[in-house]
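The structure under discussion appears below in the form of structure tokens.
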Amino acid sequence: MDMKSVESKWQAKWEKSKQNYFNKKNIDKKLYVLEMFSYPSGAKLHVGHWYNYGPTDSYARFKKMQGYEVFQPMGFDAFGLPAENYAIKTGVHPKKSTEENIATMEQQLKNMGAMFDWSAEMITCNEDYYKWTQWLFLQLYKKGLAYRKEALVNWCPSCETVLANEQVIQGECERCNSVVLRKNMTQWFLKITDYAEELLDGLDTIDWPEKTKLMQKNWIGKSTGCEIYFECETGDTITVFTTRPDTVFGVNYVVLAPEHPLVEKLKAAHPENAEAIDAYVRYSAEANDIDRLSTAREKTGVFTGAYATHPLTGKQVPIYLADYVLYSYGTGAVMAVAAHDERDFAFATKYNLPITQVIQKRGGETVLPFCEDGILVNSGEFDGLSGEEARDAIAVHLTKIGKGGKKINYRLRDWSVSRQRYWGAPIPMIHCEKCGAVPVPEKDLPVRLPDDVEFRPSGRSPLAGHEGFMNCTCPTCGGKAQRDPDTLDTFVCSSWYYLRYPEANNSKAAFTKEVADKMLPVDVYVGGSEHACMHLLYARFITKALRDMGYVSFDEPFKRLVHQGIILGPDGNRMSKSRGNVVSPDKYIEEYGSDIFRMYLMFGFSYTEGGPWNDDGIKSISKFLDRIERLVVKAAETKATKADTAMNAAEKELDYVKNFAIKSIVRDVEAFSFNTSIARLMEYVNALQKYDAEVAEKNATFYNDCILDLIKMLAPFVPHFAEELWEMMGKRTSVHEEEYPALNEAALVKSEVEYAVQVNSKIKAKMMIAENLTAEEIQAQVSTHPEIAPLLEGKSVKKCIVVKGRLVNLIVG
RNA sequence: GCCGAAGUGGUGGAAUGGCAGACGCGACGGACUCAAAAUCCGUUGGUAGCGAUACCGUGUGGGUUCAAGUCCCACCUUCGGCACCA
């Protein structure tokens, strides 16, 4: 078959019939199947896109044949750094390169033959989309979930620009390899930490890979502990957070992060140490990511000269600064228990500080640092308690005396969304000298991204240099004001796009509650696991925030999540241009067509595992389809050679294989186990060939139905090929509008089943045994088997295990 | 360092605690052909044997069980995530 012409023929028909468009009339049967939309950074689809979209489309097509009204849209996540970097390198405007890439990719996606509803397409860099991204930001601002604060950003001193975290590769700028510094800048943040607890709890309600849920759980990083107040000699209170209040009697010193606000006061109180303190603060501020990431980095610190009072013992403990304490976590201060914390131990050893043991190992010698749970010693009234008892008792005691209490901390940080970049949605805020930060009124959206901007790095946001953009009037006081020169992180664009698809063309609203509550959540979401702690977390947060603002009624955006694996280069490494192991789908599409390419992707790999690319498998799929074609061509000409009577043995066998395949495929496709589904199809084709070759007098009606069922079963996997065969069989409709073949359980019941017969757990024989026998009858029958009987002679059967339909195990002695 | 996943023939990969290797690829043998391609049929985990068959076999070592690739313990290797989170 000439696959290329067959494919374009059917693609044209589908486009004309609009049969892949979602039909709102059937909304009560909706199934929202979504693949992560693509990022048009390269000009063409790569194998990864194909592997995500091809098999998932087969899933969607399969569900459609099962009677669901499938909604499967596609769009482009079109803002972002690669287009801008490309522009900086080549001078081509990001808008131009993005539009060209999208045009190419759209065509390639159409050539794939997926049942995307192109009427719902949207592109995040278009005004009619980013207008609503800006609207979303304003709603978050109104709700108090967007705020501005000074924060550290990645700064490339050579490019003179801020870098996103993803642009920092092992501490270096991805473009010029300069060592990235950290710099304080005022940034917009979204308050995702408000939802930390709910984001954690919600994980129990969704059908996601356990691995991904665990990654999110660790990322959110809940830890339960205690806050404890240490009175400082300056009269200030140093609050520390600890998960080990049971070790509080072992505190040897208190450590502040170098950025801690109290540092200035301590310096003033101890001018003799000011110089050393200043030097240390400077030292840690200059530490770059490479040093920071080094696991072997030695602990450093400096004594402030000041002391704090231990809340329970009243003892004076020295206050240190050390950058192994992070200002951004907990309270930015810790109590150091050298005997029971590895870091504190290392620090105390280095600076010759005392080490006080307060926990004893249960049964065994305590080797310091001892960081596990044990029995309390040297802890006054708490001596003898176990770790768990002591943590509770000490927390209760601290609360009673007003020196602290229980506290929960999360590692999750608020989401920084300001990007000092050009190719993104402008942040819809105005800065007025009189009124401060003022939101752009919704009626003035979108805040348009101007085209004529110098986007080459200059040390500030590209938009800041565009006077026409920057200068505006304050919506509150009418005075002169300036726009925010930053753009939104592209993850903001992708945090809500699934809400937009069902109403992609709504010009009055981002989406409506009425439609969203019916169409969402997304039933099955398929994409790479690399988004586990970014996009997938942000989207959950935004959904919950929108729910709290009353815009939707559901809690989670993606009910079920599936990650496809990664297709590696033929050498087993990740595909990369520098390795030269990139496999381009195009030449295979050219040679074999998209159906064969898709089926190979589904058959050659375990979907969630992926693996190295290999050319051999694709030829075998091509041959498989050739065999089917020959079978169907012949069947289309087959005339009845036998009266339409009851099935004979050969027909029963064929019917069995067919129904077995149906049953297996229904289960396996649901589990995204495409390779086994196709294996069952191959078995069915083998059985059809056998029947065709061996049975001279065919039951033509039966055989014809078998062939039609085969085509229906092929349809989700090779959609164009199946349409062509369907037409060959004289059909004038689309096979994709057919119902999936129904399972006939009765066909799977066999009168005799093969049992494996074991004696003392070793297989000795195989035997056909009637289906309806009791365990006793089976044992009796097995014992007469010529291979088995001699083995039982003179011995007694002590036990007989019968596994219905599978095996018999005789234990003899 | 911590957390997680995975290790199965020459190869891609299958196996609700119940016949390991489904279905393919490759290889070997055969049919068709002047020949080749294509197609069709057969064999194909290893070792020993003409053979029936026997023994061994799912990273390594233990264990639980009538029965373990699957469950438990320890270890090795690879991959992924986090990384001074108190």
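Keep in mind it's a predicted model, so treat the numbers as computed, not measured. Proteins get letters first, then strands, A, B, ... in listed order; numbering begins at 1 in each.
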Inter-nucleotide [atom1] distance ([N], [M]), Å rounded:
N     : M     : atom1 : answer
B:U60 : B:G69 : P     : 12 Å
B:A52 : B:A5  : C1'   : 45 Å
B:G49 : B:A36 : P     : 35 Å
B:A15 : B:G24 : C1'   : 16 Å
B:C73 : B:C25 : C1'   : 39 Å

Hey, does [X] reach any base, or is it just sugar-phosphate, or nothing, if we go heavy atoms under 4.0 Å?
X      : result
A:I763 : sugar-phosphate
A:S223 : sugar-phosphate
A:E754 : base
A:D626 : nothing
A:K299 : base
A:E787 : nothing

side-chain N/O [X] vs [N] OP1/OP2, d < 4.0 Å:
X      : N     : answer
A:Y329 : B:A86 : yes
A:R627 : B:A38 : no
A:Q689 : B:C40 : yes

What nucleotide, of [options], holds the atom closest to the side chain of [X]?
X      : options             : answer
A:R411 : B:C82, B:C23, B:C19 : B:C82
A:F603 : B:C3, B:U39, B:C23  : B:C23
A:R806 : B:U16, B:G4, B:A14  : B:U16
A:E683 : B:A22, B:G18, B:C25 : B:A22

Is there a side-chain contact between A:W208 and A:L536 (heavy atoms, below 4.5 Å)?
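With C-beta onward as the side chain, the pair touches.
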Sidechain-backbone polar pair: A:Y684 side chain, A:C706 backbone, donor-acceptor under 3.5 Å:
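Yes, the answer is positive, given that a donor and an acceptor are paired below the 3.5 Å cut-off.
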Which residues in residues 665-676 of chain A have at least one heavy atom lying under 4.0 Å from any atom of RNA chain B?
A:N675, A:T676
